[in-house]
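All remarks here apply to the structure that follows.
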Amino acid sequence: MIQFTNDVEKIADREMIRKMASEFAEKHIRPYVMEWDEAQYFPVDTFKAMGELGLMGVLVPESLGGAGLGYHEYVDVIVEIAKVCGAVGLSVAAHNSLCTGHILAFGNDEQKKKWLPKLATGEWIGAWGLTEANTGSDAMRMQTTAVLDGDHDVVNGSKNWITHGKTGDVAVVMVRTGELGSSKGISAIVIEKGSPGFTHGKKENKLGMRASETTELIFDNCRVPKENLLDIEGTGFKQAMKVLDGGRISIAALSLGIAKGAYEAAVKYAKERHQFGQPIANFQGISFKLADMATEIQASELLIHQAAHLKNNGMEVTKVSAMAKYMASEVAVKCSTEAVQIFGGYGYTKDFPVEKFYRDSKLCTIGEGTSEIQKLVIAREVLK
Ligand SMILES: Cc1cc2nc3c(=O)[nH]c(=O)nc-3n(C[C@H](O)[C@H](O)[C@H](O)COP(=O)(O)OP(=O)(O)OC[C@H]3O[C@@H](n4cnc5c(N)ncnc54)[C@H](O)[C@@H]3O)c2cc1C
């Protein structure tokens, strides 16, 4: 485990949390992974159980019902869950970093007290809506609008690819309150399930991450109390970018978990599988693959914990979190691809775990900003 402290008590506490997440994943997630994947079943009860353990509000202060932990512990939790199931890892990451993280960072005291205890304990599941059908990477051109009418905002439009769009009890939604294409024309508001005019659309039938629910959100003259606005009107885009700075650490952690899961399965298989009278691990062609995987996983882990360290200390993290997300997600795709190769024909079946890592990993280079967008962010920072 990569440490940024010599404090033995802190190291022991972190190890205890990592172990708890790992044991939960082994006992309550692993037995059902393929069943949930096949059925595209989003395991709400498992989320509630994780909420009881503090895993749904890892970064939320204890006074607001959370676990009150830091980013290193948060990374460890997501890694341990994603090693077993990337889809559950994605949902935990989205709930913690996006919806919950946005309200934690930009809500006023009243808003935090209203929503965070429910989110942090898993009583409520959170969603976060930035992306629209025609505006993904170019989110600034979003077209969902909110217009003030008395003491309510009236929201019209739709959001696509929203994690927990159907089951979510509450969503933070970025809406246009000003000029199209202007970063200052966007605001962030909290919309609860059951608000008149708020429904969900179709559930996506996905390549991977199938146990994580992804749907459209639809707003048809949806009336939202104006006190649900987060921070100042017109700052929603800036808020979303800050939320993504933290969110990218969680997608990097998700990637790391998938890469580790695929790597560990490949190491075990390479020692067990015999061809030409010996374990395939004896062939340099296979052992060099494992050496590359181990090296790239460790490098990703260092970058992720550097980003976690910066975030814990309130330091600028935009460049390093984009680097961590870019590198770890590409490494996850590479490691899971190589793991399938090491398993040979068996890797191409659903009887072994690596085909699922292979399918799940691809989301990591797309969600919360594609690899190309991470490179834009990194280049902008480098050329400042
Ligand atoms: C499973 C899943 C869960 C998701 N969950 C959420 C969620 O909870 N909330 C939410 O708001 N969104 C969510 N998303 C949306 C996700 O963030 C977007 O899919 C992502 O940002 C990419 O947008 P896009 O799909 O519209 O692709 P596009 O922006 O259309 O990109 C298409 C291609 O063009 C490239 N490209 C675009 N612009 C540039 C450029 N300037 N330079 C170089 N290349 C470029 C991209 O890298 C990509 O390869 C989710 C997506 C998925 C698949």
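Here, residue 1 is the first one in the sequence, and each next residue gets the next number. Each ligand, and each atom within it, is numbered from 1 in the order the structure gives.
Considering backbone and side-chain atoms alike, E372 places an N or O below 3.5 Å from some N or O of ligand 1. Checked by distance only, ligand 1 and T131 come closer than 3.5 Å through their nitrogen or oxygen atoms.
Closest heavy-atom approach to atom 3 (C) of ligand 1 within the set I251, D138, T163: this belongs to T163. Compare G136, S137, C99 by their heavy atoms: the one nearest to atom 29 (O) of ligand 1 is in S137.
In this structure, atom 34 (O) of ligand 1 is not in close contact with the protein, since no protein heavy atom lies within 4.0 Å of it. Protein heavy atoms are found inside the 4.0 Å sphere centred on atom 7 (C) of ligand 1. Atom 14 (N) of ligand 1 is flagged as protein-proximal [any protein heavy atom, distance under 4.0 Å].
Listed by atom number, the atoms of ligand 1 under 4.0 Å from K206 heavy atoms are 1 (C). Applying the 4.0 Å criterion to heavy atoms of E368 picks out, from ligand 1, the atoms 17 (O).
With contacts defined as side-chain heavy-atom distances shorter than 4.5 Å, the pair Y41/E35 does not qualify. In this structure, the side chains of E301 and K260 come closer than 4.5 Å at one or more pairs of heavy atoms.
When non-hydrogen atoms are compared, ligand 1 lies under 4.0 Å from the side chain of L363 (C-beta onward) but not from its backbone.
Side-chain polar atoms of T214 and K206 form a donor-acceptor pair below 3.5 angstrom.
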Between E381 and T318, does the side-chain hydrogen bond (donor to acceptor under 3.5 Å, both in side chains) criterion hold? Intermediate values first, please. CA-CA 8 Å; E381 294 292 319; T318 304; 4.8 Å; no

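In this structure, V354 and A265 approach most closely via the heavy-atom pair CG1-CB, 4.0 Å.
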